[in-house]
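Worksheet: one structure, shown below.
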Amino acid sequence: MNHTTNLESTLGQGAVYYLFGATGDLAKRKLFPALFSLYKEGKLSENFAVVGLARRTRTNEQFRSDVYESIVEFCRYKADDTELWNRFAEHFEYMPLDINNVDAFRELGKLSEQLDAKFDIPGNRLFYLALAPELFGPVSFNLRDGGLLESAGWHRVVIEKPFGYDLESARKLNDQIRQVFREEEVFRIDHYLGKEMVQNIQVIRFANALFEPLWNNNHIANVQITLSETVGVEERGGYYDKSGALRDMGQNHMLQMLTMIAMEPPSRLHGEDIRDEKVKVLRSLRSYNSHEDVRSNVIRGQYSAGEARGTQLPGYREEDSVGEGSNTETYFAAKIAVDNFRWAGVPFYIRTGKRLPVKTTEVVIEFKSMPQNVLFAQRHDLAPNLLVIRVNPTEGIYIKVNAKTPGVDNSVQPVAMEFCQSCQIGLNTPEAYERLIHDAVRGDSTYFTRWDEVAQAWEFVDRIAAAWRDDSGDLKQYPAGSWGPKAAEELLAKDGFHWWPVNGQEEDNVIWITNNSK
Ligand SMILES: NC(=O)C1=CN([C@@H]2O[C@H](COP(=O)(O)OP(=O)(O)OC[C@H]3O[C@@H](n4cnc5c(N)ncnc54)[C@H](OP(=O)(O)O)[C@@H]3O)[C@@H](O)[C@H]2O)C=CC1
Ligand SMILES: O=C1O[C@H](COP(=O)(O)O)[C@@H](O)[C@H](O)[C@H]1O
């Protein structure tokens, strides 16, 4: 049997999904809608049950009504088909449970047996931990001690981020989880890996003769990854103030995207082969070896009061649950070197921030310029070719080339040729959580992070965090609604580059050829 058939047949057998943290924000906004979408698309068989778990008392009816409301509000499909909704809802149960009470887990074991019998499930169990990280260890121990791992089928645990606060805490967390689950049973979520265009990076790279031969330091001048957000910290000030942009976005989403761009072609498209290649990239990242090194290569900022789209916005330090004199960064930009033969000499610039002017995630591959002293370059200021991968919210790619301006004066103009995937496919693109839950049930961990990746990423990030901890003098304020500290522009200017405009701020002189009819 081949790999795919194996995975699909696992899916067909069904499973019980245990949603720890079922009364929380993530369950409401992402997990219930993802399950409904999978059901509507026929990707869950009828052999499944979902048990919602949290301390709060809810009846099954109340819980189902919570799920219904979440789907109506957040799902790309609406629960407007009564028959479908009723069938779906029958699979949902709620049980009040405190993670620290092992007896409650024994009760859960009894409920699980009833559900296995009712839905003809062969003991497969998926434990989704939508919980604060300090509960990951206790819940794992009680799943084991409460007998939940003794059923006949497979057992898998899906773990939300943040996976630790630094390498040391991540290691402790991992040790606890691994006392109970084997590595192949642990699915560490990085929802960026579930995004359509992040997964598409491999296809763009490895399925195009146009790009693959050029994907190296002979042809690429630099790579830029931008993950900008317009939102502030919203209701998550308590969490964010301890985390900051570096841990919240840098250690996970940004480094993961960097590995997808920089990795060598895997020998096979199997999860382990892909993750082997990704971890090699993380090992090749040049560590900052002094505080001075961090200062010259990493810029951090914090938003102050400002204005966006006519609305006055408070500064970070005025947000709920944020310390008055907090030095937590809400923005960072870094220049990263990947020290291997493919990438030596090619800077990777990454930046992320809250309260920036647009919400967008984009990867720009800037190709080396044409020789400046021959042919057209003698008479024209030729722009470099770009390949831009738009991840979010617009999904698609464009390439920017130089072409003759139509007419008689022989001038040259940049032309951007865009395939806007989301304009064409629109809302039908599955949400990241939908894909990732689907993959976890199929036992496919390709788009989940393996422990060695997580550890390596923490090792890189910890050096930055250590420099920042010892000296906050370089924290720059930037007005909410602006593009962050000026120093982030200078970071590229020193190397003769600049940040390319991202979604919504395209340059005037470019001719667009696009399938986006808007
Ligand atoms: N919300 C989001 O958008 C994102 C969240 N995450 C991560 O997902 C996880 C959950 O986040 P979120 O849903 O926002 O958090 P919430 O605070 O909204 O929910 C936490 C959940 O945990 C339950 N809980 C807390 N203590 C216990 C306990 N002792 N026993 C049983 N249940 C308990 C709470 O229910 P009750 O009080 O009823 O017990 C609640 O259902 C976190 O690790 C977070 O970092 C990651 C990315 C995005
Ligand atoms: O993990 C996180 O991601 C979100 C951004 O995700 P996106 O899919 O909306 O781009 C970010 O707002 C949040 O702070 C962070 O924890």
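Start at 1 and go down the list; that is how both ligands and their atoms are numbered. For the numbers below, each heavy atom of this structure counts, side chains included, while hydrogens, waters and symmetry mates do not.
Shown here, atom 26 (N) of ligand 1 is in close reach of the protein: a heavy atom of it lies under 4.0 Å off.
When R29, K30, R55 are ranked by how near their heavy atoms come to atom 33 (C) of ligand 1, first place goes to R55. Considering only non-hydrogen atoms, atom 42 (C) of ligand 1 lies nearest to L131 out of L131, L19, D190, N142.
Within the 4.0 Å heavy-atom cutoff, I189 does not count among the residues contacting ligand 1. Using a 4.0 Å heavy-atom cutoff, D248 is listed among the residues neighbouring ligand 2. Using a non-hydrogen distance threshold of 4.0 Å, Y192 registers as a contact of ligand 2.
Ligand 1 has no N or O atom lying under 3.5 Å from any N or O atom of P133, backbone or side chain. Ligand 1 has an N or O atom lying under 3.5 Å from an N or O atom of K161, backbone or side chain. For the pair I99 and ligand 1, the shortest N or O to N or O distance falls below 3.5 Å.
For Q202 and N200, the side-chain atoms include no donor-acceptor pair closer than 3.5 Å. Side chains of Q302 and K476: no donor on one and acceptor on the other come within 3.5 Å. For the residue pair Y303 and E319, a side-chain donor N or O sits within less than 3.5 Å of a side-chain acceptor on the partner.
Distances below 4.0 Å separate heavy atoms of N392 from the following atoms of ligand 2: 7 (P), 8 (O), 10 (O). The K359 neighbourhood of ligand 2 comprises atoms 7 (P), 9 (O), 10 (O), with distances under 4.0 Å to a heavy atom of that residue.
Of all protein heavy atoms, the one lying nearest to atom 11 (O) of ligand 1 is L26 CB, 4.3 Å. Scanning the protein for heavy atoms near atom 21 (C) of ligand 1, the closest one is G21 CA, 3.6 Å. Nearest protein heavy-atom contact of atom 37 (O) of ligand 1 is R56 NH2, 3.0 Å. Ranking the protein heavy atoms by distance from atom 34 (C) of ligand 1 puts T23 OG1, 3.8 Å first.
A salt bridge between R171 and E168 is absent, with no side-chain N of the basic residue lying under 4.0 Å from a carboxylate O of the acidic one.
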